Visitor: 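Below you'll find the structure I mean.
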There are 2 protein chains.
Amino acid sequence: MKEIRDNEQVKAYLSAFRIESVFNDQIVPHMSLYQFDPGESICGQGDVAQHLFVLVKGKVKIYTTSPEGKTLILSFKMPLEIIGDIEYVRDSDFINTVEAVSSVCMIGVDDHWLKKYADNDPGFLRFLLEIIARKFYIKSNSLSFNLMYPVEVRLASYILSVSFDASDDQFKGWLNSASLTDAANLIGTSYRHLNRVIRKLCLEGLIERKKGRILVRDRKGLSALAGRNLYE
Amino acid sequence: MKEIRDNEQVKAYLSAFRIESVFNDQIVPHMSLYQFDPGESICGQGDVAQHLFVLVKGKVKIYTTSPEGKTLILSFKMPLEIIGDIEYVRDSDFINTVEAVSSVCMIGVDDHWLKKYADNDPGFLRFLLEIIARKFYIKSNSLSFNLMYPVEVRLASYILSVSFDASDDQFKGWLNSASLTDAANLIGTSYRHLNRVIRKLCLEGLIERKKGRILVRDRKGLSALAGRNLYE
DNA sequence: ACTGGAAAAGGACATATGTCCTAAATAATT
DNA sequence: AATTATTTAGGACATATGTCCTTTTCCAGT
């Protein structure tokens, strides 16, 4: 992790994402940039949360670890996204672990300054509301979807979302084994079972497996199988 | 549904729950009481949402219905709880169906007045933030828990939560068949499978089944099985 | 108490998924 | 290119869960 105290760059990012108005003039001077390398941990489940982060570049992976050590990936996030919002509002420790997938850049601001200068600022509060409400909505969907459909359907949905997302800098057909393991943890199943289902989809001609990559052969068919698209 | 335009009673409720300060003087006159009978629908998935509700009496059931008609219970809620908050913030239709379980009383206020008089009110916004952040937290937990543990564990957790909640006016040992079906839908499994697991827990001496009721025989054992308590 | 019918529980079988281990494939090294 | 090491896919079996249908239980009405 590298902190960069460059307020001009902060302002540039804020303006690029059109959220200048969210952070008032008293806050902005206290914001700085943080860079993380791929694989680097940004915050760990249970750690004391004292910063609100705005993800402005790169991709992060959010996951939780159970007492038994099982890990479940909750989501991948790309800009614009907020990290530490729930913790800020609830005054709690980090509830999940966040890890940089690619080279990541975030704007960070100490909770302490927010409490002091933004806690009464309707613009900031409304922004947080929208962010958190959206997160809730996504998670709610995700919960229903996961409980109601088998892995096959979830995988179809996942493949569609990662294969056709132009903004995904990781795109390359799809996917090496690390991503497969990730996919399994995201979908909430085992690596073994994921393979089984992939095989089935191959036999059905929906996808094709080729040197560790997966190609979509029948997008329509996949969509039909997936129903609605879960992983946005 | 019966609307009761009794502003004094509204104020009494607000004060009882210590949330007078959340709704400012311009809003309060526009709030009124709504009563619902057991089983009555309060709002339906997909309906236009134009009210924010504060649940002040009774118990409601929140569920979602899939395109195929499967229904999944997301939660049971008791006071103090807010209904329609996500929809208010997101300007969306109702994402779930809410139904009165017992005789229910809610304070309702038209979104239109909120937008006009509360959208700039930090007290109100912070209140919503706390509510929604809490909801997110619960749902996040719920998602992880459901994906990571089998029905047996979830059921143990559920039994514990409904059996030892003093504030639950529905308490009676536990439970007739309607509640069993509900429990199945809440846990995200089939009625059949729930029975199977109940049987197993009986054989293990953790619970006892008696005339449609379920008694906890070994609370410690159940807790150990459940790990953490999911359904608060 | 007896009977018919509704409600609740359970049986049988099929599918979905997990765990553990082995085989196949790929990459690294010589 | 051949050989080894490492990574990825698959086999075998066990468990978890779903579906459909039958049996059992419970209760109203007589």
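Throughout, protein chains are lettered first and strands after them, A, B, ... in sequence-line order, and every chain is numbered starting at 1. Quick note: numbers below take in every heavy atom, side chains included, and nothing from hydrogens, waters or symmetry partners. On a predicted model such as this, the values are computed, not experimentally measured, just so you know.
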Visitor: Can a side chain N or O of A:Arg209 be found less than 4.0 Å away from OP1 or OP2 on D:dA9?
Guide: yes
Visitor: In whole angstrom, what separates A:Arg192's CZ from D:dT8's P?
Guide: 15 Å
Visitor: Please give, in whole Å, the distance from C:dA8 C1' to B:Lys210 NZ?
Guide: 18 Å
Visitor: Quick one: B:Arg213 CZ to C:dA8 C1', roughly how many Å, whole number?
Guide: 16 Å
Visitor: Sub-3.5 Å donor-acceptor pair from the side chain of A:Thr64 to the main-chain atoms of A:Leu72, do we have one?
Guide: no
Visitor: Are A:Glu68 and B:Tyr149 packed together at the side-chain level, in the sense that at least one heavy-atom pair is separated by less than 4.5 angstrom?
Guide: yes
Visitor: Evaluate the criterion salt bridge (Lys or Arg N to Asp or Glu O under 4.0 Å) for residue pair B:Arg217 and B:Glu204; output intermediate values, then yes/no.
Guide: CA-CA 10 Å; B:Arg217 293 195 56 168; B:Glu204 289 166 354; over 6 Å; no
Visitor: Report yes if some heavy atom in the side chain of B:Leu206 is under 4.5 Å from a heavy atom in the side chain of B:Ile159; otherwise report no.
Guide: no
Visitor: Using atom CG of A:Asp182 as one end and atom C1' of D:dT8 as the other, report the distance to the nearest whole Å.
Guide: 15 Å
Visitor: If I take atom CG in residue A:Leu194 and atom C1' in nucleotide C:dG18, what distance separates them, rounded to the nearest angstrom?
Guide: 13 Å
Visitor: Nearest 0.5 Å, what's the OG-CG distance between B:Ser140 and A:Leu74?
Guide: 5.5 Å
Visitor: Looking at A:Tyr13, does the NZ or CZ of A:Lys57 lie under 6.0 angstrom from its six-membered ring centre and within 45 degrees of the ring axis?
Guide: no
Visitor: Please report, rounded to the nearest Å, how far the P atom of D:dT23 is from the CG atom of B:Asn195.
Guide: 17 Å
Visitor: Atom OH of B:Tyr191 and atom C1' of C:dG11: how far apart are they, to the nearest Å?
Guide: 15 Å
Visitor: Output one line per pair: protein atom, nucleotide atom from nucleotides 14-17 of chain C, and distance, for all N/O pairs under 3.5 Å.
Guide:
unit_1 : atom_1 : unit_2   : atom_2 : d
C:dT17 : OP1    : A:Val151 : N      : 3.2
C:dT17 : OP2    : A:Val151 : N      : 3.2
C:dT17 : OP2    : A:His193 : NE2    : 3.1
C:dT17 : O5'    : A:His193 : NE2    : 3.4

Visitor: Atom CD1 of B:Ile187 and atom P of D:dG18: how far apart are they, to the nearest Å?
Guide: 11 Å
